[in-house]
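Read the structure below first, then the notes.
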Amino acid sequence: MSDLVTLGQRIRHYRTAAGLTLDQLGDRVGVAGSQLSLMENGRREPRVTLLTSIATELGATLGDLLDTTPPTPRAALEIELERAQRSPHYAGLGLPVVRAGRSMPDDVLESIVGLHRALVERERQAIATPEEARRANTAQRLHMRTVDNYLPEIEELAQQVVAESGHVSGALTHREVGLMAQKLGFELVYVGDLPHSARSVTDLDNGRIYLPPASIPGGHGLRSMALQAIAHRLLGHEVPTSYAEFLRQRLEINYFAAACLMPRDQSVAFLTQAKSDRNIAVEDFRDAFGVTHEAAALRFTNLATSHLDLTVHFMRVGGDGAVYKAYENDGLRLPVDVTGSTEGQLVCRKWSARAAFVRTNRTTEYYQYTDTPEGTFWESTQIGTSAADEFSITVGVPFADSKWFRGRDTVNRHRSTCPDPACCKRPDGDLATRWKGKVWTSAKLHAHILSPLPSGTFPGVDDQELYRFLETHAADAAVD
């Protein structure tokens with residue numbers, strides 16, 4: 001049965017066109033006019049036999065009545081108003097329900113419906129507050145911990161797509177990524193005027209995926225962005241309606257891209273051999289598939305527990321010691337705030353993720369054992385540099401599993417008692433006495449603290465800039 005509100009509107013449309021009142025039509029089909037009124041208002045579902053009789057009396061077909069298209073623009077507005085006022089958001093306002101009777105002018109109806117649309121949009125944007133975003137991110141991290149950071153459905157999809165591209169081994173080529181896009185009916189196009197807030201733009205009308213230019217088109221970054229855009233289509237994503245859904249989609253497209261760049265079967269074979277040789281190293285995994293150290297480290301966490309029987313932890317930490325992203329299923333106690341969020345929290349100065357910043361040689365991985373209240377962990381850390389800052393990428397395992405990794409013979413060892421503030425947060429007593437009340441400093445303000453979280457039709461993207469971009473390039477697509 002079609003939506004009852006639309007069905008009611010279509011019955012009313014055909015009844016009015018036939019010049020019949022409710023009572024007249026009711027007499028012909030054997031029901032009271034009041035019952036037909038309930039059906040026309042979407043409050044009662046008619047039996048198929050009755051609906052067939054109604055269609056016959058109105059000179060229509062059953063299909064005409066069951067069509068989900070509003071019969072007129074006015075009816076479309078009335079349907080939208082009815083649905084809006086049935087929503088829990090409107091009910092929570094405690095306001096009376098407004099009936100769109102025949103005496104209500106069209107412009108008044110349009111104004112009321114427009115207000116409802118604005119209410120829904122404001123509600124959607126309000127969801128993405130900093131607090132809500134942090135809670136959603138924490139919930140997602142905890143969920144991924146329960147599944148060992150492994151998504152088998154996306155693994156299978158990626159394995160299938162990679163096989164269909166003709167890829168066999170080694171680094172996935174830019175050409176193979178292009179073939180994946182072509183199979184979906186898309187062309188990869190590199191432009192220099194992408195909206196500043198967009199990583200890529202997919203033109204569904206003209207079958208184009210727009211990406212930023214690069215001196216090496218086959219580089220990891222562009223391959224990954226193209227694969228993420230492809231993943232949106234393959235996974236059937238719609239415009240997210242909550243920040244939690246936005247984060248879930250981001251996780252899924254990133255996971256898909258990584259699973260294509262480092263396919264499961266080839267990756268597991270490579271890592272299994274390295275484990276057998278007691279020589280697992282993220283830098284080897286990185287080089288074998290032509291990706292970044294961070295991508296290789298994250299991909300390792302996807303496969304370690306499900307395929308190598310290893311529990312692990314991962315961290316990306318900024319030069320100031322703050323966590324950018326983290327994952328663990330090996331018992332390491334990540335620093336968290338009262339909401340359970342770890343992003344933005346400071347890592348212990350004695351952990352490998354921060355100790356690696358002070359060494360002279362940063363071209364290779366830094367290895368360290370760290371004694372913590374939860375046990376001893378072996379860690380491998382690589383320092384990287386972004387446009388704005390330095391950062392560290394760390395992968396670690398419990399002491400018992402260090403035997404499988406290169407660097408297990410390191411003599412670097414530190415003891416951490418965090419979250420005890422005496423470990424690395426509370427200043428030395430003599431220093432505190434020496435400087436207390438004698439110094440003043442101006443702290444940095446991170447811009448993202450004051451920035452609004454994603455809003456608009458596409459979270460985080462400037463709608464006006466996006467649509468102008470598409471309009472500009474639509475002409476190019478038509479010529480090509």
Side-chain angles (χ1 to χ4, degrees), residues 137 141 144 149 220-221 224 254 258 262 280-287 289 291-302 304 310-337 341-372 374 376-399 401-402 405-419 423-425 444 446 448:
N137 196 49
R141 175 171 56 81
M144 292 305 292
N149 217 31
H220 164 263
S224 183
N254 286 332
M262 293 159 277
I280 297 175
V282 173
E283 59 186 355
D284 289 353
F285 188 39
R286 170 198 70 198
D287 294 343
F289 291 92
V291 296
T292 65
H293 198 89
E294 181 176 1
L298 279 168
R299 183 62 174 145
F300 177 73
T301 69
N302 297 147
L310 298 172
T311 55
V312 296
H313 64 265
F314 163 90
M315 285 180 288
R316 173 174 170 146
V317 174
D320 59 356
V323 176
Y324 281 56
K325 64 180 75 168
Y327 165 80
E328 65 78 27
N329 70 347
D330 60 358
L332 179 71
R333 182 192 294 188
L334 296 173
V336 296
D337 63 16
S341 176
T342 189
E343 287 72 22
Q345 300 303 299
L346 293 178
V347 167
C348 177
R349 297 177 191 274
K350 299 174 183 178
W351 287 10
S352 172
R354 293 188 71 177
F357 282 109
V358 301
R359 71 183 183 129
T360 304
N361 181 13
R362 298 185 175 189
T363 58
T364 59
E365 291 181 294
Y366 168 77
Y367 307 116
Q368 174 183 307
Y369 288 100
T370 308
D371 300 318
T372 78
E374 288 70 47
T376 298
F377 296 86
W378 174 90
E379 295 179 306
S380 167
T381 299
Q382 178 68 58
I383 300 297
T385 305
S386 68
D389 197 7
E390 285 190 317
F391 60 91
S392 67
I393 301 297
T394 298
V395 168
V397 295
F399 176 83
D401 287 327
S402 64
F405 291 80
R406 182 189 305 161
R408 61 187 176 275
D409 56 352
T410 181
V411 296
N412 297 319
R413 190 162 194 150
H414 293 280
R415 181 173 179 269
S416 166
T417 60
C418 278
C423 178
C424 66
K425 294 182 177 63
K444 288 182 180 179
H446 295 288
H448 69 267

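When a residue number appears, it is its place in the shown sequence, counting from 1.
Looking at Asn149, its side chain never comes within 3.5 Å of a backbone N or O of Met144 through a donor-acceptor pair. No side-chain donor-acceptor contact under 3.5 Å links Arg406 to the backbone of Ala281. Listed for the Arg316 side chain is no donor-acceptor partner under 3.5 Å among the backbone atoms of Phe391.
Residues Tyr324 and Asp389 meet the side-chain proximity criterion, which asks for heavy atoms closer than 4.5 Å. Taking 4.5 Å as the limit, some side-chain heavy atom of Ser402 sits within range of a side-chain heavy atom of Tyr369. Here the side chains of Arg141 and Val336 are in contact, with some heavy-atom distance below 4.5 Å. For the pair Trp351/Pro335, a side-chain contact is recorded, criterion being any heavy-atom separation below 4.5 Å from C-beta on. Side-chain contact between Phe285 and Met262: present, with at least one pair of heavy atoms (C-beta onward) separated by less than 4.5 Å. Between Arg408 and Tyr367, the closest side-chain pair of non-hydrogen atoms is not below 4.5 Å.
When all heavy atoms are compared, the tightest approach of Ala295 to Thr292 is N-OG1, 3.1 Å. Here the shortest heavy-atom pairing between Thr342 and Ala326 reads CG2-CB, 4.0 Å. Trp378 and Gly407 make their closest contact through NE1-O, 3.1 Å (heavy atoms, listed as atom of the first residue, atom of the second, distance). Minimum heavy-atom separation, Val282 to Ala297: CG1-N, 3.8 Å. The shortest heavy-atom contact between Arg354 and Cys348 is CD-O, 3.6 Å. Taking every heavy atom of both residues into account, Asp330 and Gly396 meet most closely at OD2-O, 3.6 Å.
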Output, in order, the C-alpha distance, side-chain angles, deciding distance and verdict of side-chain hydrogen bond (donor to acceptor under 3.5 Å, both in side chains) for Thr381 and Ser352. CA-CA 6 Å; Thr381 299; Ser352 172; 2.5 Å; yes
Would you please test Val397 and Thr311 for side-chain contact (heavy atoms from CB on, under 4.5 Å) and show each step? CA-CA 6 Å; Val397 295; Thr311 55; over 6 Å; no
Given the rule in the side-chain contact (heavy atoms from CB on, under 4.5 Å) test, do Arg333 and Thr372 qualify, once you have shown the distances and angles that lead to the verdict? CA-CA 9 Å; Arg333 182 192 294 188; Thr372 78; over 6 Å; no
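To the nearest 0.5 angstrom, Phe405 atom CZ is 14.5 Å from Thr410 atom OG1. A distance of 6.5 Å separates OG1 of Thr364 from CD of Glu283, quoted to the nearest 0.5 Å. Note that the CG atom of Leu332 and the CD atom of Glu379 stand 6.5 Å from one another [nearest 0.5 Å]. Cys423 contributes atom SG, which lies 4.0 Å from atom NZ of Lys350 (distance to the nearest 0.5 angstrom). Note that the CZ atom of Phe314 and the CG atom of Leu334 stand 11.5 Å from one another [nearest 0.5 Å]. Rounding to the nearest 0.5 Å places CD of Glu328 at 10.0 Å from CE of Met315.
No side-chain donor from either of Thr370 and Ser416 sits under 3.5 Å from a side-chain acceptor of the other. Using modelled atom types and a 3.5 Å distance limit, the side chains of Ser380 and Glu365 yield a donor-acceptor pair.
Using cut-offs of 30° and 60° on the angle between ring planes, the pair His313 and Phe377 is perpendicular.
In Arg415, the CZ atom is not crowded: 12 or fewer heavy atoms of neighbouring residues, nucleotides or ligands sit closer than 6.0 Å.
Residue Glu294 is tested with Arg286, Lys325, Arg299 for a side chain to side chain donor-acceptor pair (under 3.5 Å); the sole match is Lys325.
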